[in-house]
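In what follows, every chain begins at residue 1, and chains take the letters A, B, ... in the order their sequences are listed.
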Protein chains: 2
Amino acid sequence: MNFAPLLKYIANYVSLTATEIAFLESKLTIRTYLKGQYIVQQGDICKNVGFVLSGCTKTFYVDKEGQEHILMFSVEDWWTSDMGSFITQTPAYFNVQCLENTELVMFSYEANEELYEAIPKLERFFRLIIQKAFVSSQERIVRNFSLSAKEQYLHFRDQYPLIEQRIPQYMIASYLGITKEFLSKIKSQLILEQ
Amino acid sequence: MNFAPLLKYIANYVSLTATEIAFLESKLTIRTYLKGQYIVQQGDICKNVGFVLSGCTKTFYVDKEGQEHILMFSVEDWWTSDMGSFITQTPAYFNVQCLENTELVMFSYEANEELYEAIPKLERFFRLIIQKAFVSSQERIVRNFSLSAKEQYLHFRDQYPLIEQRIPQYMIASYLGITKEFLSKIKSQLILEQ
DNA sequence: AGTGAATGTTAATCTAGTTTAACATCATTT
DNA sequence: AAATGATGTTAAACTAGATTAACATTCACT
């Protein structure tokens with residue numbers, strides 16, 4: 001059970017005693033999924049929030065035309081879940097699927113509640129990371145309506161250079177909200193421009 | 001000092017004792033702004049999160065072309081601030097301006113920190129409301145790339161029928177990420193369709 | 001009541017990004 | 001090495017929404 005990356009991550013926000021760490025670990029589980037497996041499917045109740053130890057997932061939504069829209073990718077040291085489903089324990093709107101073999105630390109709904117009761121510092125920890133997630137979600141909304149597709153792609157490439165290498169281009173197009181054909185055009189334009 | 005709407009709102013999430021309420025109130029201030037006044041300007045450090053008692057604000061971003069993009073409206077029982085600036089105490093990205101005379105309960109950064117220390121239930125409260133804000137921000141991203149402008153307008157009208165009455169149409173267009181001319185076209189189409 | 005500013009409408013022209021469809025490349029399995 | 005499926009490219013035709021510009025309406029103030 002390798003909780004080290006999670007503990008290091010938490011230590012950026014709050015500091016836990018040895019006893020608290022032991023209690024925390026006792027409430028968590030580690031689970032591995034194979035490439036292609038679903039962690040959550042649209043309509044499920046999302047029972048866990050996962051912290052990625054290794055691998056990569058995509059969170060996406062299939063619209064009424066059957067089109068897939070990718071909301072986020074999660075790699076090492078990121079979180080993955082359908083937060084809406086998790087917090088209200090109602091059917092999920094999103095799918096979460098593994099793009100690689102993926103190892104996760106699982107925080108179940110019940111474990112989270114117990115952890116908040118027992119260790120208020122963890123409530124602070126989650127408040128802090130959700131605040132950050134909220135802010136970056138808002139920033140993305142702004143980018144959506146103030147940047148062109150090309151500018152958004154450049155921003156993505158800039159901000160997540162490592163993710164771009166690991167993920168097929170048509171999924172990046174879906175994340176950016178454009179077609180794979182248009183992303184291909186943008187990339188060939190960028191090559192000409194250099 | 002009329003904190004009643006705030007206390008009622010908080011009671012939906014956590015229950016406070018009379019002593020806790022007294023302490024909370026001692027850390028808060030109420031401030032009124034006139035229509036047109038700025039609560040936060042791009043570049044300021046956002047010192048407060050405001051809870052709207054009455055009135056209405058818009059949170060917007062001015063892009064490099066000078067175009068204004070409205071991220072949210074806040075009316076009674078909603079929150080208003082530049083959350084990114086507030087949590088990191090760095091210069092704001094957004095402007096917050098009053099669309100009506102507006103009365104706010106102000107939570108300063110320092111007050112918030114003291115409140116979290118003194119009353120862990122308030123840390124829970126903020127965690128819960130930020131979780132909700134994060135989820136609705138994600139839902140908006142999905143709508144942005146899976147709905148047409150017309151569908152997005154109908155969704156807005158459905159979800160915020162009262163807000164639509166109070167706000168000029170060109171600001172609603174800005175919120176939806178379309179031009180006022182196109183929103184006008186959509187509305188005349190909808191009238192024909194009936 | 002009349003004037004100017006703010007808000008809203010209409011229509012023509014334009015463009016960023018979509019759709020469709022055919023083809024190219026790459027990786028995996030047999 | 002051939003075959004299959006997954007991924008990526010190119011180009012032509014199309015469309016949702018932007019831009020521009022002229023005009024209409026409503027509001028707020030003297």
Side-chain angles (χ1 to χ4, degrees), chain A residues 34-37 56 58 60 63-70 73 97-101 141-157 163-194, chain B residues 34-37 56 58 60 62-70 73 97-101 141 143-157 163-194:
Chain A
L34 297 177
K35 178 173 175 171
Q37 284 191 303
C56 179
K58 66 172 173 179
F60 64 102
D63 72 18
K64 49 191 173 350
E65 273 91 41
Q67 277 254 290
E68 183 175 313
H69 302 281
I70 297 179
F73 300 110
Q97 190 181 14
C98 297
L99 300 178
E100 303 172 359
N101 294 343
I141 290 173
V142 171
R143 285 197 302 275
N144 275 341
F145 51 47
S146 63
L147 299 185
S148 69
K150 190 196 230 169
E151 289 169 321
Q152 285 190 62
Y153 169 62
L154 289 172
H155 177 270
F156 175 80
R157 219 176 54 169
I163 293 188
E164 202 193 358
Q165 313 311 314
R166 288 165 76 168
I167 287 171
Q169 202 170 294
Y170 71 91
M171 290 190 192
I172 291 170
S174 170
Y175 173 84
L176 295 173
I178 62 178
T179 58
K180 59 188 171 33
E181 291 83 359
F182 194 56
L183 179 54
S184 183
K185 196 169 172 181
I186 288 170
K187 291 185 87 168
S188 64
Q189 271 174 31
L190 288 171
I191 289 166
L192 288 178
E193 278 173 21
Q194 292 170 353
Chain B
L34 297 177
K35 177 173 175 171
Q37 284 191 303
C56 178
K58 66 172 174 179
F60 64 102
V62 180
D63 71 20
K64 49 190 175 348
E65 273 91 41
Q67 276 256 289
E68 182 175 315
H69 301 281
I70 297 178
F73 300 110
Q97 190 182 15
C98 296
L99 301 179
E100 302 171 358
N101 294 344
I141 291 172
R143 286 197 300 277
N144 274 341
F145 48 48
S146 63
L147 298 185
S148 69
K150 189 195 231 169
E151 290 169 320
Q152 284 190 63
Y153 169 62
L154 289 172
H155 177 270
F156 174 79
R157 219 176 55 169
I163 293 187
E164 201 194 359
Q165 313 311 314
R166 289 166 75 168
I167 288 171
Q169 202 169 292
Y170 71 91
M171 289 191 192
I172 292 170
S174 170
Y175 173 84
L176 295 173
I178 62 180
T179 59
K180 59 187 169 38
E181 291 84 357
F182 193 57
L183 179 54
S184 182
K185 197 171 172 180
I186 288 171
K187 290 185 88 168
S188 64
Q189 271 174 31
L190 287 171
I191 288 165
L192 288 178
E193 279 173 19
Q194 292 169 356

(request) In whole angstrom, give the distance that lies between atom CZ of A:Phe182 and atom P of D:dG8. (result) 17 Å
(request) Take atom CG of A:Leu183 and atom P of C:dT19, then tell me their distance rounded to the nearest Å. (result) 15 Å
(message) Using the side-chain heavy atoms of A:Thr179, tell me which of these nucleotides is nearest: D:dG17, C:dT18, C:dA21.
(response) C:dT18
(request) Identify whether any heavy atom of B:Tyr170 sits under 4.0 Å from a base atom; if not, whether one sits that close to sugar-phosphate; answer base, sugar-phosphate or nothing. (result) sugar-phosphate
(request) Flag the pair B:Leu34 / B:Cys98 as yes when at least one side-chain heavy-atom distance between them is below 4.5 Å, and no otherwise. (result) no
(request) Report yes or no: do B:Tyr153 and B:Glu164 form a side-chain donor-acceptor pair below 3.5 Å? (result) yes
(request) Send over the distance from A:Lys150 NZ to C:dG17 C1', rounded to a whole Å. (result) 13 Å
(request) Please report, rounded to the nearest Å, how far the C1' atom of D:dG8 is from the NZ atom of A:Lys185. (result) 16 Å
(request) Report the relative orientation of the aromatic rings in B:Phe156 and B:Tyr175; use parallel for angles under 30°, tilted for 30 to 60°, perpendicular for over 60°. (result) tilted
(request) Look at B:Ser184 and C:dG8 and indicate whether a side-chain polar atom (N or O) is within less than 4.0 Å of OP1 or OP2. (result) no
(message) Do A:His69 and A:Phe60 make a side-chain contact, defined as non-hydrogen atoms from C-beta onward lying under 4.5 Å apart?
(response) no
(request) Report yes if at least one side-chain N or O of B:Gln169 is closer than 4.0 Å to OP1 or OP2 of C:dA6; otherwise report no. (result) no
(request) Round to the nearest Å and state the distance from A:Ile172 atom CD1 to D:dT9 atom P. (result) 11 Å
(message) Just the rounded figure in Å: distance from C1' of D:dG17 to CZ of A:Phe145.
(response) 16 Å
(message) On DNA chain D, does the nearest nucleotide to B:Ala149 precede the nearest nucleotide to B:Glu181 from the 5' side, or the other way round? Give the residue.
(response) B:Ala149
(message) Nearest to the side chain of A:Ser148, heavy atoms from C-beta on, is which of D:dG17, C:dG17, C:dT10?
(response) C:dG17
(message) Using whole Å, what does the distance between atom P of nucleotide D:dA6 and atom NZ of A:Lys35 come to?
(response) 11 Å
(request) Could you say whether A:Leu147 or A:Lys180 is positioned toward the 5' end of DNA chain C, judged by the nucleotide with the nearest heavy atom to each? (result) A:Leu147
(message) Are A:Lys64 and B:Leu147 packed together at the side-chain level, in the sense that at least one heavy-atom pair is separated by less than 4.5 angstrom?
(response) yes
(request) Mind calculating the distance between CG (B:Leu192) and P (C:dT10) to the nearest angstrom? (result) 9 Å
(message) Of the options C:dT7, D:dA18, C:dG17, whose atoms approach the side-chain atoms of B:Pro168 most closely?
(response) C:dT7
